[in-house]
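First the structure, in the form of structure tokens, and then the observations on it.
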Amino acid sequence: MPELPDVEAFRQVLMNCGRRRRVTDIEVRDAGVLRGVTEKRLRRELTGRRLGKAWRHGKWLFVPTDGGSTLVCHFGMTGSLRCCRPDEPIEPHDRIVLTLDEARDLRYRDQRKLQGVRLADEYTVDRIVDGLGPDALTVDRSEFQDLLSGRRGAVKSALMDQSVIAGLGNLLCDEILWRARVDPRTPTRDLDRTALRRIHSAMGRVLTASVRAGRVPPRRSWLTGRRDDGEPSCPRCGASLRSTRVAGRRTLWCPRCQTSTTGDR
DNA sequence: ATAAAGTCCTGAAAGC
DNA sequence: TGCTTTCAGGACTTTA
């Protein structure tokens with residue numbers, strides 16, 4: 001689930017639920033989601049602290065505390081952040097529960113434990129962000145062209161690469177390339193400026209609508225809305241969609257309308 | 001049993 | 001040739 005729009009939604013959860021609230025207790029229900037931090041240290045450094053303004057870069061969520069360390073969350077493929085009343089039953093995949101004052105708790109829920117939670121000082125936060133490209137929401141057209149220039153692999157691989165642009169995942173990339181009418185396997189270097197401009201523009205539109213929805217919306221008028229169909233067809237032209245593997249991921253695209261590498265149409 | 005919306009590591013290819 | 005960058009594939013993990 002978690003790509004940029006989902007993580008942005010989790011940030012809102014935090015702002016509504018955790019902002020300025022004090023952590024009164026921490027329960028680590030499955031230490032398998034702790035990354036580079038022990039349960040003991042997590043408890044020691046967070047208990048009694050207030051949560052500051054959460055911020056996001058790409059798919060990473062950073063929650064500063066007034067104790068100096070920052071709680072850093074990554075949600076892998078199945079993670080989420082929930083704001084619950086304490087009487088709501090704990091679910092099997094609630095891996096960490098932060099009890100807050102004022103009768104709220106914050107639950108890091110994750111089925112597969114592909115990523116997790118860490119505790120970082122300023123230096124470590126910088127190191128994480130330094131490894132990422134600019135956040136996809138902030139990339140303007142000329143920066144976008146610069147970031148992609150000279151890449152030799154498939155355009156989808158470049159868009160998926162977090163060190164190039166941070167925040168785009170498998171669904172967003174398929175959606176963006178479909179909207180831009182570009183075959184995901186196209187070598188990036190074969191795209192002319194107009195095609196790149198179209199991809200950038202599609203990225204902006206897809207991101208804006210997705211952030212508003214809190215996820216990549218599975219609307220029938222979007223490619224994403226067809227992913228789970230047995231015989232998916234293109235919402236735009238009706239042709240059968242193709243499903244192959246690009247950059248190691250399932251990739252859905254329309255062989256009829258995703259054909260342009262240049263600025264035609 | 002296969003595959004899933006993510007990332008890290010490895011070894012290899014491509015580029016200068 | 002040699003060094004660096006870029007790329008593809010597998011591992012990690014759990015469940016439908």
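Proteins come first, then strands; the chains are lettered A, B, ... in the order of their sequence lines, and each starts at number 1.
For A:Ser157 and C:dA8, the shortest distance from a side-chain N or O to OP1 or OP2 is below 4.0 Å. OP1 or OP2 of B:dT7 sits under 4.0 Å from a side-chain N or O of A:Lys59. Between A:His93 and C:dT14 there is no side-chain polar atom (N or O) within less than 4.0 angstrom of OP1 or OP2. Listed pair A:Arg215 / B:dA5 fails the phosphate criterion, with no side-chain N or O lying under 4.0 Å from OP1 or OP2. Residue A:Arg249 places at least one side-chain N or O closer than 4.0 Å to OP1 or OP2 of B:dG6. Under 4.0 angstrom from either OP1 or OP2 of C:dC7 there lies at least one side-chain N or O belonging to A:Arg151. Under 4.0 angstrom from either OP1 or OP2 of B:dA4 there lies at least one side-chain N or O belonging to A:Arg245.
Side-chain atoms of A:Thr124 and A:Asp121 include a donor-acceptor pair closer than 3.5 Å.
In this structure, A:Arg236 forms a cation-pi arrangement with A:Trp178, its terminal cationic atom sitting closer than 6.0 Å to the ring centre and no more than 45° off the ring axis.
As a whole-Å value, the separation of A:Arg250 CZ from C:dA8 C1' is 20 Å. Taking atom CG of A:Asn170 as the reference point, atom P of B:dG6 lies 6 Å away to the nearest angstrom. Rounded to an integer number of Å, the gap from A:Arg35 CZ to B:dC8 C1' is 10 Å. Summarising the geometry, the separation between NZ on A:Lys156 and P on C:dG9 is reported as 14 Å, rounded to the nearest angstrom.
Environment of CD in A:Glu122: sparse, with no more than 12 heavy atoms of neighbouring residues, nucleotides or ligands closer than 6.0 Å.
Legend: residues meeting side chain to side chain donor-acceptor pair (under 3.5 Å) with A:Arg22, ordered by chain and number and at least two apart, are absent.
As judged by a 4.0 angstrom heavy-atom cut-off over every strand, A:Gln111 is placed among the base-contacting residues. At the heavy-atom level, A:Arg189 lies under 4.0 Å from the strands shown only through sugar-phosphate atoms. Residue contacts for A:Gly248: at a heavy-atom cut-off of 4.0 Å it reaches no nucleic acid atom on any strand shown.
Disulfide criterion (SG-SG under 2.5 Å) for A:Cys17 and A:Cys83: met.
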Which nucleotides of DNA chain B pair, in dot-bracket form (Watson-Crick or G-U under 3.5 Å, | meaning another strand): .|||.|||||||||||

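Taking atom P on both C:dT1 and B:dG11, the two are 22 Å apart, rounded to the nearest angstrom.
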